[in-house]
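Here is the naming used below: chain letters follow the sequence lines, and residue numbers restart at 1 for every chain.
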Amino acid sequence: MPELPEVETTRRGILPVLKNQKITQVVVRDVRLRWPVSPDFAGQLTGQKILDVQRRAKYLLIRLERGTVIWHLGMSGSLRVLPAGTPPQLHDHIDVVLGSGRLLRFNDPRRFGCALWTGDDPAQHELIAHLGSEPLSNEFDAAYLAARAKGRSVAIKQFIMNAEIVVGVGNIYASEALFRAGIRPKRMAGRIKRDELERLVEAIKSVLGEAIKVGGTTLRDYVNANGSPGYFRQKLYVYERAGEPCRRCSTPVRQIVQGNRSTYYCPQCQQ
DNA sequence: ATGGGCACCTGGCTGC
DNA sequence: TGCAGCCAGGTGCCCA
């Protein structure tokens with residue numbers, strides 16, 4: 001569910017609530033996440049002060065005095081801030097209770113998310129060490145993309161969804177970025193021309209940036225730290241619009257499958 | 001090394 | 001009404 005804009009929106013929502021707070025209690029109701037929650041997870045966190053909340057790719061990094069929690073929302077996860085004592089509901093797997101009398105609650109119906117404590121540098125963690133560029137950073141540019149795409153036959157849509165190349169671009173924003181750039185999603189990554197890569201880089205940056213500004217995209221169940229949805233859905237040009245007229249040229253939007261994921265594009269605007 | 005496909009899991013919707 | 005089948009915002013792993 002959450003792509004980079006939704007994770008970043010969550011980060012911005014929880015940071016002011018968590019910063020400088022002491023963790024007074026951690027409740028783990030279900031350890032069966034993508035990786036089992038470690039038996040010492042609660043013990044490692046309890047009593048520590050939260051220093052910062054950062055993001056790398058779609059991972060939230062909760063920096064503590066000693067160590068870091070690496071938190072991923074998977075497909076259906078959300079982190080919300082609630083008053084301590086709020087009764088848990090279905091799929092509320094983890095609570096982090098704060099000295100302020102509030103708590104951070106992790107809900108994840110499909111349990112594809114994870115919460116891992118590490119005492120080492122999170123940048124060196126196996127899940128994070130091999131990640132590609134942050135799309136909103138200056139190092140992500142056409143030269144970088146061209147170098148990585150050289151000689152590769154994978155479809156450009158799957159290429160930009162590959163986190164070893166560029167992080168944070170999921171199924172929604174991949175289709176949307178390719179629409180903005182006017183590129184057909186099935187074209188081979190290595191055959192995209194330089195000026196098209198320039199447009200693609202700008203499209204990825206702009207679509208992610210605009211989505212962050214309005215709190216991300218809510219399709220079904222994504223909510224931010226306050227339980228509010230994101231409003232970028234209204235700005236989607238092609239995603240989940242199969243058969244509907246393209247917002248630019250009125251040609252019906254087409255839906256195909258790539259790597260077991262739905263892709264949407266306009267056969268007129270994208271070549 | 002690269003690309004393709006599957007697995008993990010629950011819930012909501014569709015169509016018979 | 002009930003239920004089987006399909007689909008969903010991610011990503012690690014296995015295979016050719």
Side-chain angles (χ1 to χ4, degrees), chain A residues 1-10 29-37 55-60 70-79 89-93 106-116 125-132 135 147-178 185-191 204 207-208 211-212 214-224 229-243 255-264:
Chain A
M1 88 179 276
E3 301 184 36
L4 189 148
E6 294 74 41
V7 177
E8 178 61 20
T9 298
T10 298
R29 297 188 191 80
D30 197 337
V31 301
R32 298 173 303 160
L33 302 183
R34 172 119 203 214
W35 291 283
V37 179
R55 180 189 57 73
R56 172 73 171 108
K58 296 170 193 165
Y59 294 95
L60 286 168
I70 301 174
W71 217 316
H72 197 290
L73 304 180
M75 285 277 267
S76 59
S78 61
L79 282 168
Q89 299 190 304
L90 191 63
H91 306 309
D92 283 342
H93 305 311
F106 179 60
N107 178 284
D108 186 6
R110 294 174 74 176
R111 290 188 275 114
F112 287 173
C114 68
L116 306 167
H125 192 279
E126 193 56 31
L127 290 174
I128 292 176
H130 311 291
L131 293 172
R148 299 299 301 268
K150 190 173 163 58
R152 299 204 48 174
S153 62
V154 69
I156 187 64
K157 193 240 189 178
Q158 286 157 286
F159 182 73
I160 61 173
M161 287 181 70
N162 181 350
E164 291 181 11
I165 306 298
V166 56
V167 301
V169 182
N171 208 35
I172 299 176
Y173 300 110
S175 282
E176 293 298 313
L178 288 167
K186 274 192 168 175
R187 288 177 55 196
M188 284 171 28
R191 296 225 181 132
I204 289 170
V207 75
L208 295 178
I212 290 170
V214 296
T217 302
T218 296
L219 294 172
R220 282 160 274 277
D221 49 15
Y222 167 75
V223 289
N224 68 13
Y231 297 100
F232 196 70
R233 185 172 196 179
Q234 304 151 234
K235 306 278 185 68
L236 299 177
Y237 281 91
V238 288
Y239 191 82
E240 285 198 337
R241 295 194 64 244
Q255 177 179 11
I256 58 174
V257 174
Q258 293 179 279
N260 292 321
R261 315 295 300 277
S262 285
T263 300
Y264 302 84

Margin query: Using the rule given for salt bridge (Lys or Arg N to Asp or Glu O under 4.0 Å), can you reason through Glu240(A) versus Arg233(A), listing the C-alpha separation, both sets of side-chain angles and the distance that settles it, and then say yes or no?
Written below: CA-CA 10 Å; Glu240(A) 285 198 337; Arg233(A) 185 172 196 179; 3.4 Å; yes
Notebook entry, point to check: Yes or no on side chain to side chain contact (heavy atoms under 4.5 Å, CB included) for Ile160(A) and Ile165(A), after CA distance, side-chain angles and deciding distance?
Noted result: CA-CA 7 Å; Ile160(A) 61 173; Ile165(A) 306 298; over 6 Å; no
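Nearest to the side-chain atoms of Ser153(A) among the listed nucleotides dG11(B), dG3(B), dG12(C) stands dG3(B). Set against dG3(B), dG11(B), dC9(B), the side chain of His91(A) has dG11(B) as its closest nucleotide. Distance from the side chain of Met161(A) is smallest for dG10(C) among the nucleotides dG10(C), dG11(B), dG4(B).
When the P atom of dT11(C) is taken as reference, atom CD1 of Ile70(A) falls 14 Å away, rounded to whole Å. Between Tyr222(A) atom OH and dG10(C) atom P there is a gap of 13 Å when expressed in whole angstrom units. Atom CZ in Arg34(A) sits about 12 Å away from atom C1' in dC6(B), given to the nearest Å. Spacing between atom NZ of Lys58(A) and atom C1' of dT11(C) amounts to 8 Å, rounded to whole angstrom units. Across the protein-nucleic acid pair, Arg55(A) atom CZ and dG10(C) atom P stand 14 Å apart, rounded to whole Å. Atom NZ in Lys157(A) sits about 16 Å away from atom P in dG3(B), given to the nearest Å. Rounded to whole angstrom, the span from the CD1 atom of Ile156(A) across to the P atom of dG3(B) amounts to 11 Å. Per the geometry, CD belonging to Gln89(A) stands 13 Å off P belonging to dG11(B), to the nearest Å.
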Protein-nucleic acid N or O pairs under 3.5 Å, nucleotides 4-8 of chain C:
residue	atom	partner	partner atom	Å
dA8(C)	OP1	Ser262(A)	OG	2.5
dA8(C)	N3	Arg110(A)	NH1	3.3

Protein N or O to nucleotides 13-16 of chain C N or O, pairs below 3.5 Å:
none

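Legend: residues meeting salt bridge (charged side-chain N to carboxylate O under 4.0 Å, His left out) with Arg187(A), ordered by chain and number and at least two apart, are Glu196(A). Every residue was checked against the side chain to side chain donor-acceptor pair (under 3.5 Å) condition with Arg261(A), not counting sequence neighbours, and none meets it. Residues satisfying the side chain to side chain contact (heavy atoms under 4.5 Å, CB included) test with Ser262(A), not counting sequence neighbours, are Gln255(A), Tyr264(A). Residues satisfying the side chain to side chain donor-acceptor pair (under 3.5 Å) criterion with Asn162(A), sequence neighbours excluded, are absent altogether. The ring pair (Phe, Tyr, Trp, His ring centres under 6.0 Å) test applied to Tyr237(A) returns Phe179(A), not counting sequence neighbours. The ring pair (Phe, Tyr, Trp, His ring centres under 6.0 Å) check on Phe159(A) picks up nothing, with sequence neighbours excluded. Here Lys157(A) pairs with Asn171(A), Thr263(A) under the side chain to side chain donor-acceptor pair (under 3.5 Å) rule; sequence neighbours left out. In this view, Ala163(A) and Leu131(A), Val167(A) satisfy the side chain to side chain contact (heavy atoms under 4.5 Å, CB included) rule, not counting sequence neighbours. Under the side chain to side chain donor-acceptor pair (under 3.5 Å) criterion, Arg34(A) pairs with no residue at all, not counting sequence neighbours.
Backbone-only engagement by Gly170(A) is indicated by non-hydrogen atom pairs under 4.0 Å involving sugar-phosphate atoms exclusively. At a threshold of 4.0 angstrom between heavy atoms, the contacts of Leu90(A) are confined to the sugar-phosphate backbone, with no base atom among them. In this structure, Phe159(A) reaches neither bases nor backbone, as no heavy-atom distance under 4.0 Å exists between it and the strands shown.
Dense packing is recorded around CZ of Arg29(A), with more than 12 heavy atoms of other residues, nucleotides or ligands lying under 6.0 Å away.
One P atom belongs to dG5(C), the other to dA7(B), and the distance between them is 16 Å to the nearest Å. Annotation: dC3(C) and dC9(B) have their P atoms spaced 23 Å apart (nearest Å).
Ring stacking is absent between Phe112(A) and dT11(C), as the pair misses the limits of under 5.5 Å between centres and under 30 degrees between planes.
Where Gly151(A) and Arg111(A) meet DNA chain B, the nucleotide closest to each residue was compared, and Gly151(A) sits on the side nearer the 5' end.
Between the side chains of Asn107(A) and Ser78(A), no donor-acceptor pair of N or O atoms lies under 3.5 Å.
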Next item on the list: Dot-bracket for DNA chain B, please, read 5' to 3', with Watson-Crick or G-U wobble pairs under 3.5 Å on both distances, ( ) within the strand, [ ] crossing, | other strand, . unpaired.
Entry: .|||||||.|||||||
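Under 4.0 angstrom from either OP1 or OP2 of dT11(C) there lies at least one side-chain N or O belonging to His72(A).
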